[in-house]
Amino acid sequence: MARLPQRPAWKALEAHALEMREARIADLFAQDPARAQEFSVAACGLLFDYSKNPLSRQTLRLLVALAEDASLPAQIAAMFEGKRINVTEKRAVLHTALRNRSGRPVLLDGKDVMPDVRAVLSRLRDFSERVRGGIARGYTGRPFADVVNIGIGGSDLGPLMACSALRAYCSPHLRAHFVSNVDGAHLAATLSDLDAETTLFVVSSKTFTTQETLTNGRSAREWLLTRLHPSGTAEAAVQQHFAAVSTNLEATSQFGIAPERVFGFWDWVGGRYSLWSAIGLPIALAIGFDRFDELLAGAYEMDEHFRTAPVERNMPAIAALTGLWHINFLGHPTHAVLPYAQDLAHFPAYLQQLDMESNGKRVDRSGTAVEYATGPVIWGAPGTNGQHAFFQHLHQGTQITPADFIVAAIGTDRMPEHHTILLANCIAQSEALLRGKSADEVRGELRARGIEGDDAERLVAHRTFPGNHPSNTIVLRQLDPRSLGALVALYEHKVFAQGAVWNINSFDQWGVELGKQLANSVLEDLRAGKARSGHDASTARLIDYVLANKEDK
Ligand code: F6P
């Protein structure tokens with residue numbers, strides 16, 4: 001089969017992009033009164049409005065044709081059916097099984113994975129309820145008041161994001177903390193306020209070999225033992241204060257974690273897709289298992305929508321295709337995520353791993369270098385704060401950054417007026433990006449303030465907004481477990497659908513390995529007290545420089 005850029009579906013979009021490059025989104029609205037309705041999808045409690053993008057019905061037809069040419073529906077089916085689509089690791093990709101509530105079996109090599117999934121969920125329910133109910137207690141008999149999750153990447157970002165997003169549902173009696181960075185400042189700052197007698201640690205690591213997590217886990221263990229003075233009964237203290245989530249049960253037992261406190265998952269759950277598995281234990285502890293179950297239910301609804309809706313009405317597929325339009329045909333390499341919800345402050349960082357670790361790839365599934373751009377740079381911060389920081393660049397910078405605005409119609413706080421102001425800002429920003437402000441409008445405004453002539457002309461260019469900047473708006477009814485589940489699954493499937501069209505493997509992450517290897521080699525040098533041969537001159541000098549300046553040299 002011809003390579004992607006040589007295929008008629010791709011070439012048709014390239015030709016169409018030349019026509020659309022000059023299109024004004026405002027004109028598209030003027031020409032089509034049904035546009036706002038037509039270019040939006042409502043499903044699973046979410047509204048996805050993509051009408052403020054420079055695309056027409058013809059653009060959409062061509063994008064859908066591209067998806068069909070790439071066999072997107074068949075690729076979706078292959079994922080849900082447990083085919084080994086992670087070709088470089090020969091693994092299936094079945095995070096959807098973790099939230100499957102259809103009653104249908106999910107077969108992997110002919111064996112239904114659902115009994116194992118249900119068994120772990122039932123153990124998570126039991127353990128989280130025992131901790132929350134004060135039945136499972138610490139070594140000295142006091143109930144747990146704080147849970148510290150120790151993990152990094154997918155073993156941190158998902159639970160951290162969800163606990164923060166669902167702050168309104170979190171128990172005030174069991175506070176969740178997250179330690180990820182190997183910088184000791186992170187663990188030290190977290191532990192400084194905690195009482196060892198009432199602290200439960202969850203060491204989360206799919207592999208249980210991750211340097212940062214094991215280093216933090218060992219230091220947390222030491223902190224606990226020093227404080228509890230277990231006089232020869234160290235094992236009992238560790239067993240009561242530590243739980244682990246991992247696929248590597250041998251390593252968790254070596255760490256000293258009691259088998260009944262170890263919650264497993266499987267190699268068919270990618271790290272960045274794992275918050276639905278036992279990796280979600282801190283979420284279940286913080287919001288209660290029933291709420292955790294609602295999170296899974298929201299994701300399942302989106303799974304069913306993604307699996308069954310036709311491409312042109314399929315929310316994740318449309319999100320993927322509008323993204324492709326920007327990246328591959330209009331040349332916009334970055335994408336901003338702007339949640340208008342302080343509780344979603346960790347959402348952009350979560351999406352960075354989900355999208356950039358999945359689709360930051362330079363070869364296709366066969367290992368051939370791709371001749372087109374793949375995953376965008378994802379960045380963002382909550383509104384309204386971003387408005388007072390980087391929105392200047394969005395409105396008047398020289399690059400165009402497509403953006404996703406995310407907002408809930410109903411606020412979770414008891415300050416309704418704040419939420420109305422938040423909503424107004426969110427809606428107004430996408431309007432401003434679209435509409436812009438012409439030189440004549442600026443002149444009129446200046447005239448109304450008594451500024452005319454040269455004084456006015458000096459300011460006109462500075463105060464003009466080009467507008468025509470694209471955005472999507474995602475509206476949740478309320479930020480609750482169910483809608484969060486649907487929102488996260490929307491982005492998971494968007495990332496999958498983009499990878500499917502680009503013909504890349506979205507489920508491996510070899511690009512993180514080289515840095516890990518070299519860190520081990522530099523670590524040996526730092527411990528040995530000198531840079532050995534094999535480094536470039538800059539690296540060798542940096543090693544020597546930090547050694548010369550280290551305080552404990
Ligand atoms: O370094 C990247 C990575 O492998 C991620 O894919 C993963 O989420 C993270 O590290 C943590 O890995 P683990 O859960 O095995 O500790």
Side-chain angles (χ1 to χ4, degrees), residues 1-10 12-13 41 43 60-100 102 104 106-109 113 267-270 272-273 299-300 302-325 327-328 354-368 370-376 488-509:
M1 192 189 274
R3 312 239 341 123
L4 191 52
Q6 268 75 56
R7 299 234 282 274
W10 186 276
L13 276 159
V41 187
L60 209 55
R61 271 193 290 276
L62 293 173
L63 286 167
V64 170
L66 178 71
E68 279 163 359
D69 183 57
S71 308
L72 178 62
Q75 294 202 51
I76 295 172
M79 176 172 72
F80 279 90
E81 285 164 10
K83 300 269 160 50
R84 293 185 184 266
I85 60 171
N86 176 354
V87 287
T88 58
E89 297 178 303
K90 297 195 178 119
R91 290 178 183 165
V93 174
L94 277 177
H95 47 278
T96 51
L98 301 168
R99 56 228 190 184
N100 168 32
S102 66
R104 286 189 300 271
V106 177
L107 299 180
L108 178 61
D109 300 333
V113 303
D267 71 359
W268 41 263
V269 183
R272 53 195 175 274
Y273 299 87
Y300 170 69
M302 186 56 78
D303 292 343
E304 284 301 275
H305 168 76
F306 184 53
R307 202 175 61 78
T308 58
V311 174
E312 62 276 13
R313 302 300 300 157
N314 188 313
M315 194 184 287
I318 291 293
L321 292 172
T322 53
L324 276 160
W325 177 237
I327 299 160
N328 296 117
L354 177 65
D355 200 321
M356 295 170 81
E357 197 167 84
S358 296
N359 286 345
K361 306 285 163 67
R362 53 181 289 283
V363 296
D364 69 13
R365 287 174 177 128
S366 71
T368 309
V370 295
E371 315 93 319
Y372 38 88
T374 58
V488 175
L490 161 64
Y491 278 98
E492 284 182 347
H493 295 323
K494 171 200 165 178
V495 167
F496 167 78
Q498 291 191 330
V501 174
W502 287 323
N503 188 28
I504 57 177
N505 180 3
S506 301
F507 299 103
D508 59 13
Q509 56 283 320

Result for side-chain contact (heavy atoms from CB on, under 4.5 Å) between H305 and one of R313, M315, H493 points to M315
Determine, step by step, whether Q498 and I504 satisfy the side chain to side chain contact (heavy atoms under 4.5 Å, CB included) criterion, reporting the C-alpha distance in whole Å, the side-chain angles of both residues, the deciding distance to 0.1 Å, and the verdict. CA-CA 9 Å; Q498 291 191 330; I504 57 177; over 6 Å; no
So, W10 versus D69: side-chain donor-acceptor pair below 3.5 Å or not?
no
The side chain to side chain donor-acceptor pair (under 3.5 Å) partner of N86 among N505, D267, D508 is N505
T374 and R362: CA distance, side-chain angles, deciding distance, side chain to side chain donor-acceptor pair (under 3.5 Å) verdict = CA-CA 7 Å; T374 58; R362 53 181 289 283; over 6 Å; no
| field | Non-hydrogen side-chain atoms of R84 and L108 separated by less than 4.5 Å | value | yes
Taken to the nearest 0.5 Å, the spacing of S358 OG from F496 CZ works out to 11.0 Å
Here the pair of heavy atoms bringing W268 nearest to A97 is CZ3-CB, 4.3 Å
Can you check whether P376's main-chain N or O pairs, donor with acceptor, with D355's side chain at less than 3.5 Å?
-> no
- Do the non-hydrogen side-chain atoms of N100 and V113 ever get within less than 4.5 Å of each other? no
field: Check: Y300 and T96 side chains under 4.5 Å, non-hydrogen atoms
entry: no
Taking every heavy atom of A70 against every heavy atom of A500, the minimum-distance pair comes out as CB-O, 4.3 Å
Interatomic distance, CG@L321 vs CG@L66, rounded to 0.5 Å, equals 7.0 Å
Can you tell if the side chain of V501 reaches within under 4.5 Å of the side chain of Y372, non-hydrogen atoms only?
no
Residues at least two apart in sequence or cross-chain that pass salt bridge (Lys or Arg N to Asp or Glu O under 4.0 Å) with R307, listed by chain then number, are E304
In this structure, CG of L13 is separated from CZ of R7 (nearest 0.5 Å) by 12.0 Å
For E312, the salt bridge (Lys or Arg N to Asp or Glu O under 4.0 Å) test, sequence neighbours excluded, returns none
Rounding to 0.5 Å, atoms CE (M79) and CG (D303) come to a distance of 7.5 Å
Heavy-atom nearest pair, G82 first then A92, reads O-CB, 3.5 Å
On a heavy-atom basis, the closest approach of A78 and I85 is CB-CG2, 4.1 Å
Under the criterion side chain to side chain contact (heavy atoms under 4.5 Å, CB included), I'd like the reasoning laid out for Y491 against L354: C-alpha separation, chi angles, the key distance, then a yes or no. CA-CA 8 Å; Y491 278 98; L354 177 65; 3.9 Å; yes
Applied to residues 74-96, the ring pair (Phe, Tyr, Trp, His ring centres under 6.0 Å) test, sequence neighbours excluded, yields H95-Y273
Tell me, do K83 and V93 make a side-chain contact under 4.5 Å, heavy atoms counted? no
Thinking salt bridges, do E492 and R99 make one under a 4.0 Å N-O criterion?
yes
Here the gap from L63 atom CG to T322 atom OG1, rounded to the nearest 0.5 Å, amounts to 8.0 Å
Between W502 and N328, the two heavy atoms sitting closest are NE1-OD1, 2.9 Å
- request: Check the pair T88 / F507 against side chain to side chain contact (heavy atoms under 4.5 Å, CB included), numbers first and verdict last.
  value: CA-CA 9 Å; T88 58; F507 299 103; over 6 Å; no
Output for pair (N503 CG, S366 OG), nearest 0.5 Å, gives 7.0 Å
Smallest heavy-atom separation, A67 atom then P73 atom, equals O-CD, 4.4 Å
Query raised in the report: What's the verdict on side chain to side chain contact (heavy atoms under 4.5 Å, CB included) for L490 and F306, showing C-alpha distance, side-chain angles and the deciding distance?
Result: CA-CA 8 Å; L490 161 64; F306 184 53; over 6 Å; no
